[in-house]
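Below is one structure; the comments refer to it alone.
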Amino acid sequence: MKASKKGRTTDAPPMPQNGGTIYGRIGHTPLLVALVALLVAAVVNYSQFDRYRKYSHLPKDLWPIQGARLSELSEFIGDRAKRMFWGTYRPGLYFGVRSKAPLSTLMGVMWTNPQGADPLGSLRHEAEQNHGMKNWGWKVHDGESFGRHELEDGNIKYEMYWQKSDEHDEDWGVRISAKAMVKTETESNAAEEQDATTMFIYFANQDESTIDMDPAGVSQSISGNAVVEPSGCSFWSGTRGSASSWCAYVRPHGEFRGAVHYYGSKTSHFHNMTDLVRGGLYKSLLDQQSKGAEYYSLVFPNERAEDSNVAVLQITAILPMTLDISFVKGDVIMHSSATEKRAEEMSGEALTRKVSQSEEKFHKKFTSTFGDLGFTTDVAKYALSNMLGGIGYWYGHSLVKLKDEQGQSSVKPLWDAPLYSAVPSRSFFPRGFLWDEGFHQILIRKWNPSISREILASWLDLMTSCGWIAREQILGMESRARVPEEFIPQSPDAANPPTLFLVLSEMAELVSSGVMYEEKENDLAFLRAAWPRLDAWFTWYNQTQAGPIPGAYRWRGRDASTNKELNPKTLTSGLDDFPRASHPSGIERHLDLRCWMALAARAMSQIASTINVPKQRQIEYENLSQSLENYDALKRLHWDPKQGVFADYGNDTPDVVLEEYQNRNQAMDWRRIINGSNPSPGFVHHIGYVTMFPFALGLIPENAAEMHDYFDMLKKPEHLWSPFGLRSLSKSSSIYNKRNTPHDPPYWRGAIWINMNYLVVRAMRHYSKGQHREVAQRAHVLAQELSCNVVNTIVREYEKQGFVYENYDDQSGSGKGCHPFTGWTALVAMLHDTACTRET
């Protein structure tokens with residue numbers, strides 16, 4: 001720099017002119033910069049301190065990942081958020097409604113048979129497959145504003161409709177009808193006895209604010225068995241809580257013969273609503289006993305606590321019976337003409353018209369989305385509707401298992417957060433599972449891309465700062481009450497297949513294709529916002545699940561110390577008891593995980609180039625994707641020339657059995673023993689779903705010689721092929737259909753699972769469009785044959801049993817596992833082939 005005549009450098013800023021100061025003109029820029037920097041530093045330090053204060057009980061790796069939450073993207077707020085605020089977001093119940101607020105107003109329905117042997121013990125509320133319900137589930141649900149739920153309990157058929165208002169985003173109506181079904185010849189002997197039902201309809205405020213009740217509004221029906229005119233009666237209202245000001249009306253639709261009672265209570269145990277109702281009934285029975293009643297009535301005591309945040313209406317009615325419940329939300333005044341008019345719009349003939357229009361709209365959209373599915377249509381609509389109607393909202397925190405430096409274990413809570421997600425099974429798994437969710441999104445995205453993106457956003461918002469997402473989300477007491485205590489804490493080193501990349505890859509391919517489509521801008525905005533989290537997620541997998549040699553990967557979580565299992569499970573893989581190397585060790589190389597990583601790397605490379613991340617990161621993902629999709633590298637790590645298939649690698653022997661023995665306490669016990677060759681390093685001797693992953697995820701080049709080996713192997717009945725679909729484990733395996741312990745029946749050891757059959761059919765359809773004519777032809781024929789086998793299996797069991805199942809028996813095609821399982825089995829809509837014909 002050069003010096004001026006006055007001794008100042010020519011590059012120095014000039015002094016303020018006209019008497020300017022830092023309060024007038026901006027003259028002392030360095031001072032201002034310093035002040036701003038101090039202010040920014042103070043804000044950042046406070047932010048870091050606030051994070052430390054909230055999460056200091058956790059390692060920093062388990063703090064929430066920093067950055068704006070994806071669920072706050074512009075797509076998910078504003079008018080859409082209002083429209084989607086209320087829903088049937090309580091999948092663990094037969095019927096329930098809540099909002100997407102951490103502390104919501106809840107609505108639910110229970111019922112019992114008042115003429116049954118044990119009406120208190122047979123209260124129906126939580127969905128349970130051991131209740132013996134028939135044909136239950138959502139027959140129609142659009143995921144947004146309408147649903148029709150049916151079930152058969154004994155000889156009574158219940159229908160429950162849910163409908164949102166078109167005019168007021170947060171108003172909705174529910175219709176509940178019950179009627180006796182046609183009786184058999186044996187049952188007709190008691191025809192003179194009228195069938196009845198007792199229903200309990202409740203509202204509850206999770207923030208524990210008071211719910212007011214208006215018994216006078218239903219006084220004409222409280223008096224006894226008089227016929228109530230369909231003039232309507234208001235009952236519930238709230239002025240605080242998540243719904244702000246609201247009220248709800250109940251009206252009979254048509255003739256009503258019955259009695260109404262009520263009960264109000266204070267509770268914070270919303271997962272025990274069934275016990276609360278039982279408690280109110282017990283109280284009434286005790287009161288009747290103390291008064292010397294000759295006969296007892298199973299009715300509420302018609303009382304409420306002054307600060308009740310739960311209000312329950314009991315309706316005992318002669319069948320048939322139909323009730324309409326109208327929920328009106330906003331600046332409402334109970335009994336005002338404007339409020340009652342809005343309630344009328346969601347009940348009576350107005351509600352009848354709305355549900356009819358909504359159902360017609362659903363059927364039209366289904367046909368335009370999936371085409372004519374022929375004989376598959378009914379089951380496909382049922383399965384899709386149950387998946388959409390099973391989308392839930394939860395708020396709470398996961399529990400994690402940690403070990404300190406001394407090896408002492410402890411359980412710590414993560415932060416409170418929401419989850420908006422589909423579920424595998426409302427009756428058995430009514431919560432979010434990471435491995436399942438990617439398959440769910442294949443179907444949901446096809447039906448409603450916006451709902452799919454919001455679910456993806458919700459899952460990615462659960463990520464920790466190191467990139468980990470718990471594989472099972474058990475948030476809130478309603479979820480936690482359904483899970484054995486020992487299974488609630490999650491391990492922060494436990495992975496799960498990153499199946500979300502199945503739909504993220506599709507999204508990236510569409511955006512980068514250059515084709516214009518309706519959802520393109522929203523897809524692009526989502527991928528841009530999601531990139532930091534996806535980058536962290538992939539990096540976590542790549543680092544924590546790395547295998548013993550470069551390019552290999554290994555699932556964590558297998559128990560190397562046990563001799564109580566025939567083949568120690570690999571729960572983190574999602575395939576649970578599918579046989580891996582017989583003796584777990586650090587040398588294992590897991591084929592399916594490497595294939596998942598190849599899929600994820602391909603998607604990350606596509607996304608990186610699509611949204612223009614820094615060039616160096618694009619190159620890194622491109623190189624990694626090419627490395628993981630390199631076929632020669634895959635063969636070096638996993639090709640078993642002896643079996644002629646790709647396989648896991650590890651310390652393995654096929655010669656393991658369970659034997660019963662007398663332990664040191666003279667009690668009979670079971671243990672695994674080697675009954676033949678000792679374990680040695682090598683490829684694992686079990687052909688099955690793991691073997692199929694390179695094919696199923698499209699990693700075998702169409703011109704590879706091994707392609708025909710796979711076609712041949714697929715069609716062999718002694719391996720995976722059956723008339724009902726591909727079985728999970730070869731019939732030639734030494735562990736085929738074997739129990740893992742005496743109390744642990746086979747799960748992924750022969751049964752037919754729809755998600756894996758879907759991936760194989762999808763791959764065949766992909767290969768059928770390739771350039772290799774012979775491969776394309778074989779793939780086309782096999783895709784048709786396999787899809788038809790699977791679809792017929794699902795349809796046949798649905799028509800026979802009224803459900804779709806978790807898996808299917810490979811010998812008979814019978815449904816197995818939990819039901820209804822409308823998670824990935826709902827992919828039946830995507831499996832249907834126009835060439836399929838019905839088989840009996």
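Atoms considered below: every heavy atom in the structure, side chains included; atoms not considered: hydrogens, waters and symmetry mates.
There is no side-chain donor-acceptor pair under 3.5 Å between Ser265 and Thr267. A donor and an acceptor atom, one from each side chain of Thr825 and Glu806, are nowhere located under 3.5 Å apart. There is a side-chain donor-acceptor pair under 3.5 Å between Gln441 and Ser452. Side-chain contact check for Ser814 and Asp809: no donor-acceptor pair (N or O, by modelled atom type) lies under 3.5 Å. A donor-acceptor contact under 3.5 angstrom links the side chains of His440 and Glu437, judged on distance only. Side-chain polar atoms of Thr112 and Ser122 form a donor-acceptor pair below 3.5 angstrom. There is no side-chain donor-acceptor pair under 3.5 Å between His149 and Tyr158.
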Yes or no on side-chain hydrogen bond (donor to acceptor under 3.5 Å, both in side chains) for Gln288 and Ser284, after CA distance, side-chain angles and deciding distance? CA-CA 6 Å; Gln288 293 174 57; Ser284 176; 3.1 Å; yes
Stepwise side-chain hydrogen bond (donor to acceptor under 3.5 Å, both in side chains) test for His141 and Thr88: CA-CA 10 Å; His141 202 297; Thr88 54; 3.0 Å; yes
Could you go step by step and tell me if Met110 and Met199 meet the side-chain contact (heavy atoms from CB on, under 4.5 Å) rule? CA-CA 6 Å; Met110 305 181 204; Met199 304 206 75; over 6 Å; no
Assess the residue pair Ile444 and Ile391 against the criterion (side-chain contact (heavy atoms from CB on, under 4.5 Å)); give the C-alpha distance rounded to whole Å, side-chain angles, the decisive distance to 0.1 Å, and a yes or no. CA-CA 10 Å; Ile444 293 175; Ile391 292 173; 4.2 Å; yes
Report the C-alpha separation of Glu360 and Lys364 in whole Å, then their side-chain angles, then the decisive distance to 0.1 Å, and conclude whether the salt bridge (Lys or Arg N to Asp or Glu O under 4.0 Å) test is met. CA-CA 6 Å; Glu360 183 180 359; Lys364 286 182 178 178; 3.5 Å; yes
Please assess Ser421 against Gln473 for the test side-chain hydrogen bond (donor to acceptor under 3.5 Å, both in side chains), listing each intermediate value before the final yes or no. CA-CA 10 Å; Ser421 177; Gln473 295 294 329; over 6 Å; no
Taking it one step at a time, do Met321 and Leu323 satisfy side-chain contact (heavy atoms from CB on, under 4.5 Å)? CA-CA 7 Å; Met321 177 272 295; Leu323 295 171; 3.4 Å; yes
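Between Arg353 and Glu349 there is no salt bridge, since none of the side-chain N atoms of the basic residue sits less than 4.0 Å from a carboxylate O of the acidic one. Note on Glu799 versus Arg838: salt bridge recorded, some NZ/NE/NH1/NH2 to OD/OE distance being below 4.0 Å. A salt bridge links Arg175 and Asp324; the closest N-O separation between the charged side-chain nitrogens and carboxylate oxygens is under 4.0 Å. Salt-bridge annotation for Glu150 and Arg148: present, with a side-chain N of the basic residue lying under 4.0 Å from a carboxylate O of the acidic one. A salt bridge is absent between Glu144 and Lys164; no separation between the charged side-chain nitrogens and carboxylate oxygens falls under 4.0 Å. A salt bridge is absent between Lys329 and Asp171: the closest approach of a Lys/Arg side-chain nitrogen to an acidic carboxylate oxygen does not fall below 4.0 angstrom.
Applying the side chain to side chain contact (heavy atoms under 4.5 Å, CB included) criterion to Pro746, with sequence neighbours excluded, gives Asn737, Arg739, Arg749.
Between the side chain of Tyr798 and the backbone N or O of Val379, no donor-acceptor pair lies under 3.5 Å. Panel note: side chain Ser356, backbone Thr352; no donor-acceptor pair is recorded below 3.5 Å. No donor-acceptor distance shorter than 3.5 angstrom exists from the side chain of Asn272 to the backbone of Asp275, with no hydrogens or angles considered. For the pair Thr322 (side chain) and Ser177 (backbone), a donor-acceptor distance under 3.5 Å is absent. Looking only at distances, a side-chain donor or acceptor of Ser326 sits under 3.5 Å from a matching main-chain atom of Met346. A donor-acceptor pair is defined here as one N or O able to donate and one able to accept, closer than 3.5 Å; no such pair exists between the side chain of Glu478 and the backbone of His271. A donor-acceptor pair under 3.5 Å is absent between the side-chain atoms of Asp153 and the main chain of Ile156, judged by distance alone. Asn755 places no side-chain N or O within 3.5 Å of a backbone atom of Trp824 that could act as its donor or acceptor partner. In this structure a side-chain-to-backbone donor-acceptor pair under 3.5 Å is missing from Asn807 to Ala751. Of the possible polar contacts, one joining the Ser165 side chain to the Glu167 backbone as a donor-acceptor pair under 3.5 Å is found.
Residues Phe803 and Asn135 fail the side-chain proximity criterion, which asks for heavy atoms closer than 4.5 Å. Looking at Lys816 and Glu797, their side chains never come closer than 4.5 Å, going by heavy atoms from C-beta outward. The shortest distance between side-chain heavy atoms of Lys354 and Asp166 falls below 4.5 Å. By the 4.5 Å heavy-atom criterion applied to side chains, Phe724 and Asp810 are not counted as neighbours. Within the 4.5 Å cutoff, the side chain of Gln314 has no heavy atoms near those of the Val260 side chain. You'll find the side chain of Leu388 stays beyond 4.5 Å of the side chain of Asp142, heavy atoms only.
Remark: Lys100 fails to qualify as a cation-pi partner of Tyr393 under the 6.0 Å distance and 45° angle criteria applied to the six-membered ring.
Ring pair Phe146/Tyr161 is tilted by interplanar angle, where 30° to 60° counts as tilted. The aromatic rings of Phe821 and Phe429 lie perpendicular to each other, with more than 60° between the two planes, well past the 30° mark. Phe203 and Trp172 have parallel rings, their planes meeting at less than 30° on a 0 to 90° scale where 60° marks the start of perpendicular. In this structure, His819 and Tyr805 have tilted ring planes: the angle between them lies in the 30° to 60° band.
Within the structure, disulfide (SG to SG under 2.5 Å) pairs that include any residue of residues 796-840 comprise Cys788-Cys836 (at least two apart or interchain).
Of the candidates Thr377, Thr376, Asp372, His832 forms a side-chain hydrogen bond (donor to acceptor under 3.5 Å, both in side chains) with just one, namely Thr376. Partner of His125 under the side chain to side chain contact (heavy atoms under 4.5 Å, CB included) criterion, chosen from Phe200, Phe95, Tyr202, Trp111: Tyr202.
Summarising the geometry of Thr793 relative to Pro723, their closest heavy-atom pair is OG1-O, 4.5 Å, with the distance given to 0.1 Å. The minimum heavy-atom distance linking Tyr282 with Leu120 is given by the pair CE2-CD1, 3.5 Å.
Atom CZ of Phe428 sits in a sparse spot, with 12 or fewer heavy atoms from other residues, nucleotides or ligands closer than 6.0 Å. More than 12 heavy atoms of other residues, nucleotides or ligands sit less than 6.0 Å from atom NZ of Lys365. A 6.0 Å sphere centred on NE2 of His269 holds no more than 12 heavy atoms belonging to other residues, nucleotides or ligands.
Annotation: Trp136 is in aromatic contact with Tyr94 [ring centroid separation under 6.0 Å]. Separation of the Trp236 and Phe327 ring centroids does not fall under the 6.0 Å cut-off.
Here the CZ-CG distance, from Arg90 to Leu93, works out to 4.5 Å after rounding to the nearest 0.5 Å. In this structure, OG1 in Thr316 is found 7.5 Å from CG in Leu298, a value given to the nearest 0.5 Å. Here the CZ-CD1 distance, from Arg445 to Ile455, works out to 12.5 Å after rounding to the nearest 0.5 Å.
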